[in-house]
Amino acid sequence: MYNVTKYDRYFMIKYIDPFLEENTSSFCDFFERLDKKMLVSLTNCKEYIRLTKECEKIKLQYPNLVEIIESAEATNDTKEEIQALATYIYNQHKISNYEIYEMYKIGSAECLQWLMITNLL
């Protein structure tokens, strides 16, 4: 008789796509928990907080900035508005990079925990 090892169990696991409609309700709590963990972690990052505050300040100073970003038309903006737009886009890119990296770290940690729980690691 063949004994099932932890490696055999690994290959017997069915892949479940979390983005299929029938699976989304099962994964909503999981994704929400990951988002909360990410935001809690990012609140300790001084550079992330500084970039976020700077973007908010730019949006308050130039209220039509969102319209400029969302429109596909060229506008006749002043040099200051164009510089603010460039700064805003650059900061948003850096903020996005922080969020992606943090989600990667948290996702990796969650994956390792599940592998340990299921005795695959």
Side-chain angles (χ1 to χ4, degrees):
M1 175 149 194
Y2 181 73
N3 290 333
V4 177
T5 66
K6 64 181 178 179
Y7 301 108
D8 295 325
R9 277 185 272 148
Y10 170 77
F11 291 109
M12 290 188 282
I13 295 172
K14 178 186 169 200
Y15 174 73
I16 299 172
D17 187 350
F19 299 106
L20 288 178
E21 190 171 334
E22 64 262 14
N23 299 330
T24 52
S25 62
S26 304
F27 283 90
C28 280
D29 293 338
F30 174 70
F31 289 135
E32 188 176 316
R33 187 166 47 90
L34 287 182
D35 282 343
K36 285 180 184 177
K37 281 185 173 182
M38 180 186 69
L39 291 175
V40 166
S41 183
L42 286 173
T43 56
N44 297 324
C45 179
K46 292 178 184 176
E47 181 66 9
Y48 178 83
I49 293 169
R50 185 191 69 76
L51 290 168
T52 305
K53 286 181 180 179
E54 188 175 337
C55 283
E56 289 301 318
K57 181 180 172 184
I58 291 171
K59 284 197 306 190
L60 289 173
Q61 189 174 356
Y62 301 97
N64 63 339
L65 190 66
V66 175
E67 294 172 15
I68 293 170
I69 292 170
E70 292 178 353
S71 71
E73 302 172 9
T75 57
N76 296 330
D77 299 318
T78 65
K79 184 177 180 179
E80 293 83 24
E81 287 176 322
I82 293 171
Q83 183 60 42
L85 178 63
T87 303
Y88 180 83
I89 291 171
Y90 177 74
N91 287 351
Q92 285 297 325
H93 176 70
K94 288 180 79 174
I95 287 169
S96 177
N97 285 343
Y98 274 109
E99 291 171 350
I100 290 168
Y101 179 66
E102 199 60 40
M103 186 58 80
Y104 170 78
K105 288 189 326 186
I106 290 170
S108 296
E110 288 284 323
C111 182
L112 288 173
Q113 286 177 348
W114 277 106
L115 289 173
M116 289 168 52
I117 289 170
T118 57
N119 292 323
L120 293 175
L121 186 65

Sub-4.5 Å side-chain heavy-atom contact between Glu102 and Tyr98: no

Glu81 side chain reached by Asn64 side chain, heavy atoms, under 4.5 Å: yes

Joint hydrophobic cluster, Ile100 plus Leu39, side-chain heavy atoms closer than 4.5 Å: no

Exercise: identify the closest heavy-atom pair between Ala84 and Ile58: O-CG2, 3.9 Å

Any donor-acceptor N/O pair, Ser96 side chain to Gln92 backbone, under 3.5 Å: no

CD1 on Ile49 to CG on Leu42, rounded to 0.5 Å: 8.5 Å

Ser41 (side chain) donor-acceptor with Met38 (main chain) under 3.5 angstrom: no

Member of Ile89, Ile95, Asn97 meeting the side chain to side chain contact (heavy atoms under 4.5 Å, CB included) criterion with His93: Asn97

Thr87 vs Glu54, side chain to side chain contact (heavy atoms under 4.5 Å, CB included): CA-CA, chis, key distance, verdict: CA-CA 9 Å; Thr87 303; Glu54 188 175 337; 3.3 Å; yes

Straight-line distance of Leu60 CG to Cys55 SG, nearest 0.5 Å: 11.5 Å

Basic-acidic side-chain contact under 4.0 Å: Glu56, Lys59: yes

Pairwise salt bridge (Lys or Arg N to Asp or Glu O under 4.0 Å) hits with a residue in residues 38-48, at least two apart: Glu47-Arg50, Glu47-Lys94

Any donor-acceptor N or O pair under 3.5 Å, side chains Glu99, Tyr48: yes

